[in-house]
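Being a predicted model, the structure only gives us computed values, none of them experimental. So that the names make sense, note that chain A is the first sequence line, chain B the second, and so on, each numbered from 1. All heavy atoms count here, side chains included; hydrogens, waters and symmetry mates do not.
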There are 2 protein chains.
Amino acid sequence: MTGAETPSILTKAFDLLHAFNPHERVMTLSELSRASGLPKSTVHRLLARLVDLGAVEHHRSGYKIGVGLLQLGASTPAGYMRDLAMPYLANLHRWTGQTVAFAVLREFDVVYLEKLAPHDSPSSIAQVGSRLPANCTAIGKILLAHENPDDLAAFLPSPMPGMTPHSITDVPTLIAQLRTARSEGVARETDEAQLGLSCVAAAVPMNGFAVGAVSVGFPTDTAMPAQLESALRDTASQVAKDVENGLAKGRAHWFPREI
Amino acid sequence: MTGAETPSILTKAFDLLHAFNPHERVMTLSELSRASGLPKSTVHRLLARLVDLGAVEHHRSGYKIGVGLLQLGASTPAGYMRDLAMPYLANLHRWTGQTVAFAVLREFDVVYLEKLAPHDSPSSIAQVGSRLPANCTAIGKILLAHENPDDLAAFLPSPMPGMTPHSITDVPTLIAQLRTARSEGVARETDEAQLGLSCVAAAVPMNGFAVGAVSVGFPTDTAMPAQLESALRDTASQVAKDVENGLAKGRAHWFPREI
DNA sequence: ATGCAGAGTTCCGACTGTCGGAACCTCCAC
DNA sequence: GTGGAGGTTCCGACAGTCGGAACTCTGCAT
């Protein structure tokens, strides 16, 4: 659909980087070759280049993503916002004892910038850097709720994706939820992204837009304190204040869309 | 010294990515062209590719590093360790109210994986992803202290780099400090990385190696609680326990060197 | 309205880096 | 010893890349 894609070594390089299975340990050249579908000699050449560039690290036992990429990832404006938000997220994490997440909206997806999970947490799908459909997450809903309702039509995918039987895939239902979320200042979600997990989220506002959102996720059968929602709103507005301050001093005009 | 470097589009692509000034807002094509030293048409072509790949994002006002890179950066084994460490780092940050950092050793450099700074902190040099000479930081010292003393010789750069007049650049002095750091379980640093800032660090041990280290940084003229050092050691050993657990279940044999 | 300046985009022929099969090397297990 | 898997090197054909130059567009000063 997108037309003929121009082949490029860059594409292969990124395919290769994405072939690193985050759940695996260090990977060998052959494993990477199979995972990426690229010929061994090509992988060999690419890896050598990537090692030179610090994007990949080599050790006796194999290859792994290099810490050099971490630096690049942190340079995104969203990463800067994350730094400012961290202390507040940490407080919220400590107070609730549950999973706290911070994310931004990209197209119709939520992209997680940070996640603070309890030590014993069942590994949730949301990982730092991962993308989830906005309609299936509390964070996504509160972010969508701050979008211009007219623009929203362009975002919404024709058949909205679902992750569980409880996911909201009906447009009118979603629109209704967004309206109430907007007025309440928080969005909720129950078993819609992952069975057994629920979530509440509040947005970090800036000039009327939502540049990001904070959420607390917890087992659906767990009772959360009544003040949870106001704590979320407080956290989000504290972050907002810091972001505006941080941008004011030292940085030129920022537009919400630039995060 | 490294011999003739093979030109590659990959090199240019990374030069371009590094040309993004982390302290600036979104950058324009022309700015990037000047910053990277690459011709405009080349930058144009490269950016188009990188946008396709999600490494760069485009908006009316310019280009910025994309959140796609965040995902890759988080996939490094070190990033996994960081996830496990976060809650403990957050506790330490809350308890001390000072800057908490988490880093690993790469060659003779310390690479910061995480930094939790107080809201009003004077921006320190250490940023997520940044590299600092090991001999100038408390984290670096405690990590070096856990290296095999024989291997150490290969690491130590002939003229050790200094960052302030207080930096330790004398080999015997450093070796002596490493020895006491090893026996005490913590390393210290005063004005050696940045004037007016001090730091204490403890290592996260694994099979006798140090896979990472935690530090608390504070203004040199600030008195820190007496229990700071034991709190640091506790934090580090909690992280170590989680790391060993995390690796044990689900992941194959890990070697300390693989982080 | 006019002209200038800088940003962004497109074009195209020369060039050169890239491609990947195949042969080769190394280590370990049986 | 032998088989097999992982890793490395080679090289000729090919195709992607290069970047100067020309062009458009927008904003601003005159």
Side-chain angles (χ1 to χ4, degrees), chain A residues 2-21 24-66 77 252-255 257-258, chain B residues 2-21 24-53 55-66 77 251-255 257-258:
Chain A
T2 57
E5 301 183 1
T6 310
S8 161
I9 180 181
L10 276 180
T11 310
K12 297 186 183 184
F14 272 76
D15 285 349
L16 187 55
L17 288 174
H18 284 294
F20 279 91
N21 184 333
E24 274 313 322
R25 67 186 203 302
V26 170
M27 293 178 80
T28 69
L29 186 147
S30 299
E31 286 172 335
L32 287 168
S33 170
R34 275 178 306 234
S36 64
L38 298 167
K40 262 204 304 183
S41 57
T42 300
V43 172
H44 184 65
R45 183 167 9 95
L46 276 177
L47 283 175
R49 297 252 156 86
L50 291 171
V51 168
D52 274 349
L53 296 168
V56 167
E57 291 172 15
H58 186 39
H59 211 265
R60 177 177 51 76
S61 30
Y63 296 88
K64 63 188 173 195
I65 301 270
H253 307 291
W254 278 50
F255 301 96
R257 284 300 179 197
E258 292 185 352
Chain B
T2 56
E5 300 183 2
T6 310
S8 161
I9 181 180
L10 276 181
T11 310
K12 297 187 185 185
F14 272 75
D15 285 348
L16 187 55
L17 289 175
H18 284 294
F20 278 92
N21 184 332
E24 272 314 323
R25 66 187 206 300
V26 170
M27 293 179 79
T28 69
L29 186 148
S30 299
E31 286 172 335
L32 286 168
S33 170
R34 276 179 305 238
S36 64
L38 297 168
K40 263 203 305 183
S41 56
T42 300
V43 172
H44 185 66
R45 185 165 8 94
L46 276 177
L47 283 176
R49 296 254 156 86
L50 290 171
V51 167
D52 274 349
L53 296 168
V56 168
E57 292 172 13
H58 185 40
H59 211 267
R60 177 178 51 78
S61 30
Y63 296 88
K64 62 188 174 194
I65 302 271
R251 309 209 176 201
H253 308 291
W254 279 51
F255 301 97
R257 284 303 179 197
E258 292 185 351

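Smallest separation of non-hydrogen atoms from Gly66(B) and Glu57(B): CA-OE2, 3.4 Å.
Between Val43(B) and Lys40(B) there is no side-chain heavy-atom pair separated by less than 4.5 Å. Contact check for Lys64(B) versus Val56(B): no side-chain heavy atoms found under the 4.5 Å cut-off. Counting heavy atoms from C-beta on, the side chains of Leu29(B) and Tyr63(B) come closer than 4.5 Å. The shortest distance between side-chain heavy atoms of Leu46(B) and Leu10(A) falls below 4.5 Å.
Within the 3.5 Å criterion, the main-chain N or O of Leu38(A) finds a donor-acceptor partner in the side chain of Ser33(A).
Distance Leu38(B) CG to dA7(C) P: 16 Å, rounded to the nearest Å. The separation between Leu46(A) atom CG and dC19(C) atom C1' is 10 Å, rounded to whole Å. The CG-P distance, from Leu16(A) to dG20(C), rounds to 13 Å in whole Å. Atom CG of Asp15(A) is separated from atom C1' of dG20(C) by 16 Å (rounded to the nearest Å). We find that CG of Leu10(B) is positioned 10 Å from P of dC18(D), with the value rounded to whole Å.
Within the 4.0 Å cut-off from OP1 or OP2 of dT18(C), not a single side-chain nitrogen or oxygen of Thr42(A) is found. OP1 or OP2 of dC19(C) lies within a sub-4.0 Å distance of a side-chain N or O belonging to Arg45(A). For dG16(D), neither phosphate oxygen OP1 nor OP2 lies less than 4.0 angstrom from any side-chain nitrogen or oxygen of Lys12(A).
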I'd like a list of close polar pairs between nucleotides 4-10 of chain D and the protein, N/O only, cut-off under 3.5 Å.
unit_1	atom_1	unit_2	atom_2	d
dG6(D)	OP1	Arg34(A)	NH1	3.4
dG7(D)	OP2	Leu29(A)	N	3.1
dG7(D)	OP2	Ser30(A)	N	2.7
dG7(D)	OP2	Ser30(A)	OG	3.0
dG7(D)	N7	Lys40(A)	NZ	2.5
dG7(D)	O6	Lys40(A)	NZ	3.4
dT8(D)	OP2	His44(A)	ND1	3.2

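Of the candidate nucleotides dG17(C), dC19(C), dG19(D), dG17(C) has the atom nearest to the side chain of Pro7(B).
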